[in-house]
S.K.: 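Questions regarding the structure given below will be posed in turn.
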Amino acid sequence: MLDKLNKMQQEAMELINKAVSMVDTEEIKNRYLSRKSELNYIKKSLKDLDAEMRPKVGALANEIANKIQTVLEEKEQFLYQQELNKKLEKDAIDITLPGKTIPTGKIHPLTRTVNEITEIFQGLGFSLVESKNSPEVETEYYNFDALNFPADHPAKDMQDTYYTKVAPNVLLRSQTSGAQVRTMENKKPPIRVISPGRVYRNESVSARKNNLFHQIEGLVVDKNITFADLKGTLNEFTRIYFGEARPTRFRTSFFPFTEPSAEIDVQCIMCKGKGCRTCSQTGWLEILGAGMVDPNVLKGVGIDPEVYTGFAFGMGVERLTMLKYAINDIRLFFNNDVRFLEQF
Ligand code: PHE
């Protein structure tokens with residue numbers, strides 16, 4: 001019996017030695033250590049042995065079972081590591097490969113400028129006009145008549161725009177100034193709003209002009225508003241938008257809906273005032289028109305010009321963007337060339 005046990009141990013050790021996978025070790029475990037194994041059977045039948053043999057066989061059987069268990073566990077551990085390593089090697093990722101770049105969209109430079117300017121004016125106490133007061137498809141009344149343009153005034157020629165066929169006198173607005181009238185019709189002073197949006201003009205397209213562009217309109221109406229408020233507000237705006245270094249100038253001008261009127265120019269960024277293609281050799285670029293709201297406009301919307309005064313301004317978003325980033329052709333904004341757009 002002892003011989004038989006020793007032989008069994010030897011046999012088990014050989015099998016463990018030869019095992020190459022966890023399937024093999026599992027099989028060995030079943031064969032030698034399970035309840036149905038021969039070794040277990042021997043342990044259970046110790047009672048049938050005589051008193052002299054019983055402790056010897058029992059001790060050896062236990063010893064062998066323990067030995068097999070220990071060696072088998074070691075082997076199992078070894079095989080587990082080996083299989084794990086193989087798997088890791090197979091699934092390994094080469095972290096030195098360059099990653100795939102997923103292209104992300106960007107905010108269009110014009111939208112950026114609109115957002116930036118909106119924030120500056122919000123900081124100065126302005127709020128954004130309700131979009132219903134600033135439609136792109138507008139009537140001749142709000143685009144011209146209510147803004148004090150006499151029917152055949154030459155000022156209308158400078159804003160020749162596109163008329164639609166949806167109804168008589170319905171056009172694509174040539175300026176955001178209609179928003180002034182609509183706002184004053186719907187809101188009592190004090191008023192302090194800005195209104196960004198698209199405008200259209202029948203222009204021949206060039207480096208400076210496009211027939212679609214963007215403006216930001218501003219309107220303040222309250223008691224005791226003077227030209228000093230206008231100048232202070234717009235100087236503060238140019239200071240924040242450009243930084244103190246950029247020279248600006250106020251020039252007298254004419255708009256039917258403001259009196260007096262002014263145009264504000266910023267020194268041309270391309271030539272630093274020397275004169276170039278971008279600034280039509282003048283050294284200056286007009287960025288906005290402004291003025292005190294004409295009493296006729298106030299009367300037209302039922303605001304008493306003896307009690308209230310106000311100022312308004314309208315600025316070109318393309319022009320302001322070109323100045324800030326030294327862009328020399330307005331058409332770049334509309335060509336959708338990603339090589340240009342990616343730079344912002
Ligand atoms: N609407 C004018 C333009 O398009 C600009 C302007 C706005 C001037 C408000 C004065 C007041 O040229």
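Position 1 is the first residue of the sequence; numbering continues from there. Just follow the structure's listing: the first ligand is 1, and inside any ligand the first atom is 1.
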S.K.: Look at the aromatic rings of F144 and F149 and report parallel, tilted or perpendicular, splitting at 30° and 60°.
M.R.: perpendicular

S.K.: Look at E89 together with K86 and state whether they make a salt bridge at an N to O cut-off of under 4.0 Å.
M.R.: no

S.K.: Is D265 paired with R251 through a side-chain N to carboxylate O contact shorter than 4.0 Å?
M.R.: yes

S.K.: Are K324 and F242 in a cation-pi contact, defined as NZ or CZ under 6.0 Å from the six-membered ring centre and within 45° of the axis?
M.R.: no

S.K.: Distance under 6.0 Å and angle within 45° of the ring axis: does K231 meet both against F250?
M.R.: yes

S.K.: Can you pull the residues with any heavy atom under 4.0 Å from ligand 1?
M.R.: Q159, Q175, S177, Q180, R201, Q215, E217, F255, F257, T258, G289, A290, A312, F313, G314

S.K.: Using links of under 4.5 Å between side-chain heavy atoms of ILVMFWY residues, direct or through other members, which residues join F213 in one cluster?
M.R.: V199

